[in-house]
Amino acid sequence: MSPRPYQLGQRQAAVDATRQKVLDAARALLADPDGSAAFSLDAVARRADVARATVYYRFESRSGLLEALFDTLAANGRMADLAGAFTHPDPAGALSRFVACFGRFWASDRLVLRRIRAIAVLDPEVGAVIAARDERRRTGLRVLAGRFGAVGEDRVDVLHALTSFETFDTLAGPGREPDEVIPLVTELVLRVMTGG
């Protein structure tokens with residue numbers, strides 16, 4: 001028997017706490033007015049007060065860290081509610097729920113989401129991660145649009161553009177609340193689908 005009992009629960013709690021500390025540091029660095037330009041695993045490690053190797057071990061790369069941060073933002077932005085859009089019996093109601101869910105998510109941490117998406121433009125590896133997530137949104141829209149009947153890919157493209165972060169961010173501007181933007185996007189999306 002080892003002289004010190006192995007306590008998996010305490011060790012796992014410490015691992016989870018370190019992971020959260022790194023994610024919090026990454027988010028804070030991206031939210032910092034000067035932070036996004038200096039965003040690197042080294043900078044995140046310094047801000048989290050952990051070894052650089054710890055960040056690499058937990059996330060493997062900058063894109064791995066940003067993907068984990070995106071997952072955290074999605075959880076905080078209530079993206080789990082998205083499943084309700086696909087179970088809603090009415091096609092218009094389902095699409096409205098989809099728009100509302102993404103609107104809440106886009107509004108949850110606009111500055112950090114804006115900066116992650118800016119990094120994605122400059123870093124092909126991060127760009128691939130964001131593109132894959134955007135493609136999942138397109139796939140969901142294709143499913144929901146199909147509930148209205150036969151729909152061409154051009155309409156799905158329009159829905160995809162209307163429900164994007166960039167559209168939401170532009171419409172929200174410096175002063176609009178999500179409760180003002182979500183109905184506007186919902187109206188536009190439903191017009192695309194109903195021809196109204």
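- No more than 12 heavy atoms of other residues, nucleotides or ligands lie within 6.0 Å of CD in Glu60, so this atom counts as exposed by the packing criterion.
- Remark: Arg27 pairs with Asp109 by the side-chain hydrogen bond (donor to acceptor under 3.5 Å, both in side chains) rule, at least two apart or across chains.
- Counting heavy atoms from C-beta on, the side chains of Val55 and Asp42 never come closer than 4.5 Å.
- Here Arg138 pairs with Asp157 in a salt bridge; the nearest charged N to carboxylate O distance falls below 4.0 Å.
- With sequence neighbours excluded, the residues that form a salt bridge (Lys or Arg N to Asp or Glu O under 4.0 Å) with Arg137 are Asp134.
- Scanning all heavy atoms of the two residues, the minimum distance from Glu125 to Ser61 falls at OE2-OG, 3.4 Å.
- Considering every non-hydrogen atom in both Ala172 and Arg110, the closest pair reads CB-NH1, 3.5 Å.
- In this structure, Phe102 and Phe98 have tilted ring planes: the angle between them lies in the 30° to 60° band.
- To the nearest 0.5 Å, atom CG of residue Asn76 and atom OG of residue Ser108 are 7.0 Å apart.
- Between Asp81 and Arg104 there is a salt bridge, since at least one side-chain N of the basic residue sits less than 4.0 Å from a carboxylate O of the acidic one.
- Leu111 and Leu29 are not part of a single hydrophobic cluster, where members link through side-chain heavy atoms under 4.5 Å apart.
- The pair Glu166-Arg114 fails the salt-bridge criterion, with no side-chain N (NZ, NE, NH1 or NH2) lying under 4.0 Å from an Asp/Glu carboxylate O.
- Rounded to the nearest 0.5 Å, atoms CZ (Arg176) and CD1 (Ile182) are 13.0 Å apart.
- Within the 4.5 Å cutoff, side-chain heavy atoms of Leu190 are placed close to those of Ser96.
- Within the 4.5 Å cutoff, side-chain heavy atoms of Ile119 are placed close to those of Leu30.
- Side-chain contact between Phe59 and Val44 is absent, with no heavy-atom pair separated by less than 4.5 Å.
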Discussion item. Assess the residue pair Val158 and Leu188 against the criterion (side chain to side chain contact (heavy atoms under 4.5 Å, CB included)); give the C-alpha distance rounded to whole Å, side-chain angles, the decisive distance to 0.1 Å, and a yes or no.
Written reply: CA-CA 10 Å; Val158 173; Leu188 294 170; over 6 Å; no
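- Residues Ala145 and Leu159 share a closest heavy-atom pair of CB-CD1, 3.9 Å.
- Judged by distance alone, with hydrogens and angles left aside, the side-chain atoms of Arg117 form no donor-acceptor pair with the main-chain N or O of Ile130 at under 3.5 Å.
- The minimum heavy-atom distance linking Leu144 with Ala94 is given by the pair CD2-CB, 3.9 Å.
- A side-chain donor-acceptor contact under 3.5 Å links Glu180 to the backbone of Glu177.
- For Arg58 (side chain) and Arg19 (main-chain N/O), no donor-acceptor pair under 3.5 Å exists by modelled atom type.
- The environment of OH in Tyr57 is sparse: at most 12 heavy-atom neighbours from other residues, nucleotides or ligands sit within 6.0 Å.
- Rounding to the nearest 0.5 Å places CZ of Arg115 at 13.0 Å from CG of Leu66.
- Across all their heavy atoms, Leu95 and Met193 have their closest contact at CD2-CG, 3.5 Å.
- With hydrogens and angles disregarded, no donor-acceptor distance shorter than 3.5 Å links the side chain of Thr167 to the backbone of Ser164.
- One hydrophobic cluster holds both Leu141 and Leu171 under the rule that ILVMFWY side chains link at heavy-atom gaps under 4.5 Å.
- Scored by the ring pair (Phe, Tyr, Trp, His ring centres under 6.0 Å) test, Phe165 finds Trp106 as partners (sequence neighbours excluded).
- Shown here for Ala45 and Arg52, the closest heavy-atom pair between the two residues is CB-CA, 3.8 Å.
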Applying ring pair (Phe, Tyr, Trp, His ring centres under 6.0 Å), run through Phe70 and Phe105 and close with a yes or a no.
CA-CA 11 Å; Phe70 208 91; Phe105 171 51; 5.6 Å; yes
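- Considering Leu184, Val189, Val99 in turn, Val189 is the only one that fulfils the side-chain contact (heavy atoms from CB on, under 4.5 Å) rule with Leu162.
- Ile116 is not connected to Val129 by any chain of hydrophobic side-chain contacts under 4.5 Å among Ile, Leu, Val, Met, Phe, Trp and Tyr, and they are in different clusters.
- Taking 4.5 Å as the limit, some side-chain heavy atom of Arg133 sits within range of a side-chain heavy atom of Glu67.
- By the 4.0 Å N-to-carboxylate-O rule, Asp32 lies close enough to Arg47 to be salt-bridged with it.
- Between Arg78 atom CZ and Cys101 atom SG the span is 7.5 Å, to the nearest 0.5 Å.
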